[in-house]
Amino acid sequence: MKPSKFDHKTIEAKWRDRWEKEKIYQPDLENAKKPFYNLMMFPYPSAEGLHVGNVYAFTGADVYGRFKRMEGNDVFEPIGLDGFGIHSENYALKIGKHPMDQAKISEKNFYRQLHMIGNSFDWSKTLETYDPDYYKWTQWIFVKLFKAGLAEKRKAPVNWCSSCKTVLADEQVISGECERCGSKVETKELEQWFFKITDYAERLLQDLKKIDWSEKVVVAQRNWIGKSEGLVLNFDTDMGSPVEVFTTRPDTFHGVTFIAISPHHPLLNSVKSLSKDALEYVEKSKVIRSTSSGQENQKSKMEEKKVTGVFSGHYAIHPITKKKLPIWIADYVLMDYGTGIVMGVPAHDLRDFAFAKKYRLPIREVIQSSKFKVQSLEEAYEGAGKLINSGEWNGWEMPSELEKVFDWLEEKGFGKRKTNYHLRDWLISRQRYWGVPIPMVYCKKDGWQSVPESDLPVLLPYFKDFKPLGTGVAPLAQDEEFVKTKCPKCGGQADRETDVCDTFLDSSWYFLRYPSVGFDTFIFDEKITRKWLPVTSYIGGAEHSVLHLLYSRFITKVLFDLKFLDFYEPFPKFRAHGLLIKDGGKMSKSKGNVVNPDEYIEKFGADTLRCYLMFLGPFSEGGDFRDSGIEGMHRFLKRVWVLVDNQLDLKSDKEFDPVRSSLAKVPKGTRVSDTSETSNGIEAKELNREMNRAVKEITSDLENLRYNTAIAHIMEYVNEMSKFIRSTSSGQERQKSKLHHKYIKTLLLLLAPFAPFLAEELWEMLQVSKVPKVSKGKRLAPPDTSGTLGTLDTLDTSSVHLHPWPSFDDNELIEENFVIVVQVNGKLRGSITIDRKQLTSDKAVEEKAKVNPKISKYIEGKQIKRVIYVKGKILNFVI
RNA sequence: GGGCAAGUGGCGGAAUGGUAUACGCGGUAGUCUCAAAAACUACUGGUCGCAAGGCCGUGUGGGUUCGACUCCCACUUUGCCCACCA
């Protein structure tokens, strides 16, 4: 037989086709015995196509899914497109197409690419968020929230991006800039739809303890929710009403030297006697957020920051000392956190310090510090210490006795305990076109009414003037046909809401829909949902820590409370993967270093790309994409091909399982003198050990997503096999020895999650070579739920991907000889080899080490104080 | 300013208290070839030495331990996330 060529293109095309025909990745959703919902974050098909970063993420998730399938689970791995939203709309605008037309083009391209990467997707259950069959239920969720009192339209200062011409959720503003375009975000007073996610703040925080997520994501989410416990303190003023401040540091109460109010505070509207300067200042602040000034901000220290303020002309009274405290209006005070008013303690707060320094306000120290920086106006002291200048609190140790201060103030009636959260309500409306229409109707008589559920979906019309207006009104407002409707309550003339939903609402529930795709009488099929949800394993990027992952948890909890779901966490297990970078930097369109997977799949094949990406580094850390390495991976797969292919050519009479032949009792008199076979047998025992070791290591690596080391172990196993073949082959005619087929089968099984095409092709070739002219037509058995698809010793004709994962035997890992490292005073000095069969005692090991010439020269004539022996590992003489 | 992660060969990385640098890339030499490519084989942390072998070596300084890349303390650098959160 002529050696065949590793032709990745033909092989991959063949199996893509076959797998789909045989439906091997479509579990029977109704009858599956061991449902395993393997989910990855679906992509937004905005631009030129699939990003290699997507391939990285999807491959990592798929490797895990394939492994779990081989472990006997009914793995469901769906894929879809998060196609609504500003991403997609901006791209359509850029290339001059209508978003609805462009969506179809992108969809085709994305699905083509997603077919190429070798994932075991169930292609019968795809979904797109812009499909009316899908967004009907997005609207349904909106209606349910509205009816539950969790959605409301209210006027509030909101984040406005003048470039994207829409409002943004708090989570989409990064350091005062638009997450999408980087423009400076302004504050505008607008009437907007909000979801009251803050009602769920405590549960969202507490339930983090009940889920198994990557630690950094839990931390990020906890910080974002930002719980802080403090006191609300009252100060009497000469403004007609007292003011309330929120503080987590009541211990610095005696250090208060001024009060600062946010310029956005409504209280200022009712105060009559504000100075002209103050009034002007308040007006000016209404227009723009005069705060963060971009990158400049990051470098400058607090002191140099451009905080501004103005004296209001009014005073507050310190409740204990009765001193007059000037009330300032200052832009460093945020309206939407705490009470919008703070007590100024310049000695012990960086921001108060900067403000006091700028406007020459008094600084009063109340915590003793060893440094003199406060007095010398260098910086505030925020550290620990004893209280001073604090009346009866003098000498209290902070922060250990902070609770005493809380109690004291509460008992005396100066304040009340209060818990604050950083989390704000979810601003859901967008003044754009390409999104889910908010299913609400405004009637002059009846106010806001939700669209009756039977009238859903409210279809997004194919509207030509879809460009954002920038006036705070969505483009759909121009479409009279869309706007004019009847009030669901009174039947009178009414107007539809023309804003659309934030894209993150689309993605906050898609995992609930996948198993029920095609089910059109309800948001999901209850029976199927009970069986398949919550999601068994979720893998995705950490960049969604406070966006998608938080919103999904919120929506799930709401649906749980409304009794639609019987679980309240959507993703009990989530793992974040790292970021794939290119030549040391982030991949981005502006840098022009975005890698398109197509060319690599074309040149090397999906198997090579998959293995290469997974080998780069730990999956949770990400990796650096460099062209040089991918060649090496291709070389490795070719070596696997050649190794297996050569084996197929060999005559079976050369075949032997040396382990068996060495273990089996050889009848006396028959070829006992054949030393070569005996020595082969010994070596094969080592190969057998290597195989067991590889299975053991790779199994645990896969479970922990350590794909880089799993691949390294496969390589080591292949190296061992090559070495063995070389050492047992007869040289002259280059006749290779044939291995027992379990070695090859195990290799293919281990390789299958990483290189699914190659493994499948070689698997088939192996079967065909064993079973001449039989069972050609019926190769791929339908998924066998009995779980006994064959063992390593029997023939089986089904897909390698449906074959049980190989097991290992710890007994096979024991070596006959083991090496003990000998140290003197912890320094490596030599090693001794012990035969396990000799049942050496600890003392004997020690004696053997002592007489070893390499070691004896270090201990000769010295007194040995101590001997440390770690069984089978190390021996240390302390002299 | 806060939080998190990480500093190991020429490079990506492995080793989580016990032989540091597995596996791969790159490099050097060789086999094959008219030649090249591919493939295969050997070597590849630094340094001294003809060699045997020695010494040094996981960001820096200290500590714990018979023994530290690994644990503790301090410092430092880099990356990521957040940031006027009172």
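No experiment lies behind these values; they were computed from the predicted model shown.
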Considering every strand and a 4.0 Å limit on heavy-atom distances, what is the contact class for [X]: base, sugar-phosphate, or nothing?
X       : value
E716(A) : sugar-phosphate
V546(A) : nothing
I868(A) : base
V219(A) : sugar-phosphate
S831(A) : nothing
V821(A) : base
K865(A) : nothing
G226(A) : nothing
N719(A) : sugar-phosphate
R424(A) : base
N876(A) : base

Judged by atom type as modelled, is there a donor-acceptor pair below 3.5 Å linking the side chain of [X] to the main-chain atoms of [Y]?
X       : Y       : answer
S262(A) : G340(A) : no
Y359(A) : G309(A) : yes
Y281(A) : D331(A) : yes

For nucleotides rG61(B) and rG13(B), find the distance between their P atoms and express it as a whole number of Å.
-> 25 Å
Tell me whether the OP1 or OP2 atom of [N] has a side-chain N or O from [X] closer than 4.0 Å.
X       : N       : answer
R706(A) : rA14(B) : no
R222(A) : rG3(B)  : no
R866(A) : rC66(B) : yes
R635(A) : rA39(B) : yes
K827(A) : rC56(B) : yes
N708(A) : rG24(B) : no

To the nearest Å, how far apart are D331(A) CG and rC84(B) C1'?
->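 It is 9 Å, rounded to the nearest whole Å.
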Is rG9(B) in the syn range, within 90° of 0, or in the anti range?
-> syn
Are side-chain N/O atoms of R575(A) and N704(A) paired as donor and acceptor at under 3.5 Å?
->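 No, N704(A) and R575(A) have no side-chain donor paired with an acceptor closer than 3.5 Å.
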Between atom CD of E697(A) and atom CD of E690(A), what is the distance when rounded to the nearest 0.5 Å?
->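 That separation rounds to 10.0 Å.
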